[in-house]
Amino acid sequence: MSKSSKLFSPVKVGDFELQHRVVLAPLTRTRASEPDLAPRGMSVTYYSQRASKGGLLISEATCISGEGMGYPHTPGIWTPEQVAGWKRVTDAVHSKGGFMMCQLWHVGRISHPHYSDHPLIQKGPCLPSVSASDIPAKGKAQTYGGFVPNAPPRPLKLEEIKRVCDDYRKAAVNAKAAGFDGVELHGAHGYLIDQFLNSSSNHRSDRYGGSIANRCRLLFEVVEVLISVWGNTRVACRLSPHCKGTMTYGDCNDESPDELYTYAIRGLDKYRLMYLLLSEPRWFGTKYDKDFAGDPGLAIDVINGRKFRPHYTGVLMGAGGFTPTAAKAAVEEGVYDLIAMGRWFIANPDLPERLRSGAPLNQYDRDTFYAYHEEGYTDYPDAAGSIGTPNKYPLVEQNRIGASLAQAKL
Ligand code: PHB
């Protein structure tokens with residue numbers, strides 16, 4: 001047993017004493033009810049299966065408004081029905097002793113005019129999609145009618161930026177009513193905040209464009225709005241610094257990404273937030289992602305952790321392609337304080353316990369990550385076979401994906 005691993009030691013995060021450092025990453029699962037776009041009963045089961053005493057869960061990206069939606073069947077937090085749906089989720093998580101953040105999402109230009117056909121959204125304020133400038137992302141948008149070319153967005157007017165900030169405020173108020181323990185601003189992955197941050201998507205000439213300070217203005221303003229509702233110890237933020245030669249997100253590029261994200265991270269540090277979550281640039285399909293069936297030599301370094309740790313004094317969380325040993329090493333070295341796990345947590349509702357004990361892991365099935373049913377959502381069994389469908393999924397030894405902590409020399 002690797003009880004001495006720092007990954008399983010308590011840590012104070014904002015107002016909370018976490019009992020371990022294996023966090024459920026925010027994961028789009030596209031199972032919200034239609035047309036309410038609220039969590040369904042199966043989402044209550046899914047999140048509660050993954051809750052543990054003193055463990056932290058982050059909700060899937062949750063739209064602050066109809067305008068902010070960019071993928072079918074993703075939940076929102078702008079209507080009373082959505083708040084009621086989330087309240088059932090947070091009650092279930094709390095009853096198991098867990099904590100849960102709501103990740104607040106506005107996709108900006110990743111939305112598409114097709115969303116105005118949605119019965120809940122057609123009542124909303126403004127489509128086509130909005131962004132910093134009128135530059136569409138390369139590639140395709142995902143709509144209820146399938147993939148279509150991205151459409152040019154409309155640049156937000158100054159008074160509309162105030163309205164978007166107010167949409168964030170309302171969502172933060174709703175997240176409180178829904179029983180969450182805090183809110184995480186999604187400032188990453190090429191969505192609205194990131195579209196303002198990056199020079200390729202932000203060509204504005206007003207105080208939200210041009211210099212790095214101007215491009216970071218919306219990020220900081222929204223953080224301040226969220227703090228006004230929750231206080232700094234219950235507000236977190238996610239960023240996805242990219243670097244030349246590795247992946248970028250949502251076609252957002254910058255001439256000097258290190259300078260940009262250093263400025264953003266130093267600025268966030270001043271707010272003494274609950275935590276900052278950084279994405280490591282190793283998504284599926286990139287040369288940095290190996291998947292479990294591939295090369296088991298997954299000792300990929302933590303690029304952003306190392307680069308930005310010196311600029312952030314608060315609680316830092318990393319996400320993206322972590323194996324058990326990589327998670328352990330990053331926490332023990334102090335590069336990250338917490339590790340968010342995605343695909344292994346999808347497939348293993350009891351992931352923290354399995355990592356601790358070295359139990360084999362259920363293999364994940366990518367085909368059902370974004371399905372619209374229970375399969376691949378609530379049917380992964382725990383090690384004891386007491387939840388989910390026992391023996392449904394093949395097992396993989398932890399050594400195959402990066403050595404098991406139970407066998408690692410500590
Ligand atoms: C997605 O739904 O594909 C998605 C959502 C949020 C992210 C990244 C990807 O941060």
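Just so you know, these numbers use all the heavy atoms, side chains as well, and skip hydrogens, waters and symmetry mates. For ligands, and for the atoms within them, numbers begin at 1 and follow the listed sequence.
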Participant: Is the NZ or CZ atom of Lys170 positioned over Trp78's six-membered ring, under 6.0 angstrom from the centre and within 45° of the axis?
Facilitator: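 Checked: cation-pi criterion not met.
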
Participant: Going through the checks in order, is the side chain to side chain contact (heavy atoms under 4.5 Å, CB included) test met by Ile387 and Tyr380?
Facilitator: CA-CA 8 Å; Ile387 55 172; Tyr380 287 105; over 6 Å; no

Participant: Any idea which residues sit under 4.0 Å from ligand 1, heavy-atom distances?
Facilitator: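 Residue list for ligand 1: Thr28, Tyr71, Trp105, His186, His189, Tyr191, Trp283.
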
Participant: Could you pull out all residues at least two apart from Glu375 that satisfy side-chain contact (heavy atoms from CB on, under 4.5 Å)?
Facilitator: His373, Asp379, Lys392, Tyr393

Participant: Is the positively charged end of Arg40 above the ring of Tyr372, judged by distance under 6.0 angstrom from the centroid and angle within 45° of the axis?
Facilitator: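 Arg40 over Tyr372 ring: yes.
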
Participant: Cation-pi between Arg31 and Tyr377: NZ/CZ under 6.0 Å from ring centre and within 45° of the ring axis?
Facilitator: yes

Participant: If we ignore hydrogens and angles and just use 3.5 Å, is the side chain of Gln195 paired with the main-chain N or O of Gly190 as donor and acceptor?
Facilitator: yes

